[in-house]
Chemist: 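Provided herewith is a single structure, encoded as structure tokens, for subsequent inquiry.
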Amino acid sequence: MRLVATEAAVGQVVNIGNTGEITIEKLAALVKQRANSHSPITFVPYDQAYEPGFEDMPRRVPALGKLERLTGFRPSTPLVEIIDRVIAHFQEKKEPVLPKNADGSAYMNSENLAIKRVAT
């Protein structure tokens, strides 16, 4: 909310996340572990996960200096705590945490994990 209320942020691109780096595969394994899930991790070929011509970033480590300069805020919540909070939220709502493939396994990619260029 601080960023929204900051006039100097209007029209700016501001990274929000933390400087920790994690691969999608390791993130999927961590989510499975924290959710006590036995679902398999399904690997989707790049050409099926993205539209033609799309080039994904090989690494996502946001630079947070602009966020801190604009708001005085520097994210500090550990990834495990964020995952636990998201799991608890969806358990309270009695909804599945992730979309399912036809075979019932969890479908995971950067879109439904909401980490695309944002948080790692």
Side-chain angles (χ1 to χ4, degrees):
M1 294 306 295
R2 281 185 236 178
L3 191 58
V4 172
T6 303
E7 186 67 31
V10 174
Q12 297 290 314
V13 174
V14 181
N15 288 314
I16 300 173
N18 66 43
T19 56
E21 187 172 358
I22 189 168
T23 65
I24 295 295
E25 183 178 5
K26 287 182 181 175
L27 180 61
L30 182 59
V31 169
K32 275 185 57 169
Q33 185 251 331
R34 300 305 295 177
N36 195 26
S37 171
H38 301 289
S39 299
I41 295 174
T42 302
F43 294 88
V44 178
Y46 189 89
D47 62 341
Q48 290 178 22
Y50 299 102
E51 296 177 9
F54 179 82
E55 292 187 29
D56 199 12
M57 295 176 64
R59 297 178 66 212
R60 293 179 183 94
V61 183
L64 302 173
K66 187 187 282 187
L67 175 66
E68 193 168 12
R69 280 191 308 277
L70 289 169
T71 66
F73 174 75
R74 186 160 190 91
S76 62
T77 306
L79 179 59
V80 170
E81 184 178 334
I82 294 168
I83 291 169
D84 289 347
R85 288 180 184 181
V86 170
I87 291 168
H89 169 78
F90 281 97
Q91 286 174 338
E92 288 172 12
K93 291 178 72 173
K94 304 271 192 252
E95 294 179 11
V97 174
L98 294 170
K100 300 288 184 181
N101 290 316
D103 65 1
S105 62
Y107 176 75
M108 304 177 102
N109 66 22
S110 59
E111 281 298 316
N112 62 27
L113 289 175
I115 63 170
K116 197 172 202 177
R117 289 186 191 77
V118 178
T120 58

Chemist: Please round to the nearest 0.5 Å and tell me the distance separating atom CG of Leu30 and atom CD1 of Ile82.
Modeler: 11.0 Å
Chemist: By side chain to side chain donor-acceptor pair (under 3.5 Å), which residues pair with Arg74, not counting sequence neighbours?
Modeler: Glu68
Chemist: Do the rings of Tyr50 and Tyr46 sit parallel, tilted or perpendicular, given the 30° and 60° boundaries?
Modeler: tilted
Chemist: Sequence neighbours left out, what pairs pass salt bridge (Lys or Arg N to Asp or Glu O under 4.0 Å) with at least one residue falling in residues 8-17?
Modeler: none
Chemist: Holding to side-chain contact (heavy atoms from CB on, under 4.5 Å), I want the full list of residues that pass it with Glu25, two or more places apart in sequence or in another chain.
Modeler: Thr23, Phe43
Chemist: Of the non-hydrogen atoms in Ala8 and Leu70, which two are nearest, and what is the gap between them?
Modeler: CB-CD2, 3.6 Å
Chemist: Can you pull the salt bridge (Lys or Arg N to Asp or Glu O under 4.0 Å) pairs that have at least one residue in residues 33-47, sequence neighbours excluded?
Modeler: Arg34-Asp84
Chemist: Compare all side-chain heavy atoms of Pro75 with those of Leu67 and state whether any distance is below 4.5 angstrom.
Modeler: yes
Chemist: Among all residues two or more places apart in sequence or in another chain, which pass the side chain to side chain donor-acceptor pair (under 3.5 Å) test with Glu81?
Modeler: Arg85
Chemist: With sequence neighbours left out, write down each residue that passes side-chain contact (heavy atoms from CB on, under 4.5 Å) with Ala63, or none if nothing qualifies.
Modeler: Asn15
Chemist: Apply side chain to side chain contact (heavy atoms under 4.5 Å, CB included) to Ile83 and Leu27, showing your working.
Modeler: CA-CA 10 Å; Ile83 291 169; Leu27 180 61; 3.9 Å; yes
Chemist: Taking only residues two or more places apart in sequence, or in another chain, which ones meet Lys26 in a side chain to side chain donor-acceptor pair (under 3.5 Å)?
Modeler: none
Chemist: Which residues pass the side-chain contact (heavy atoms from CB on, under 4.5 Å) test with Arg2, sequence neighbours left out?
Modeler: Thr71, Phe73
Chemist: On a heavy-atom basis, which atom in Ala29 and which in Ile41 lie closest, and how many Å separate them?
Modeler: N-CD1, 3.8 Å
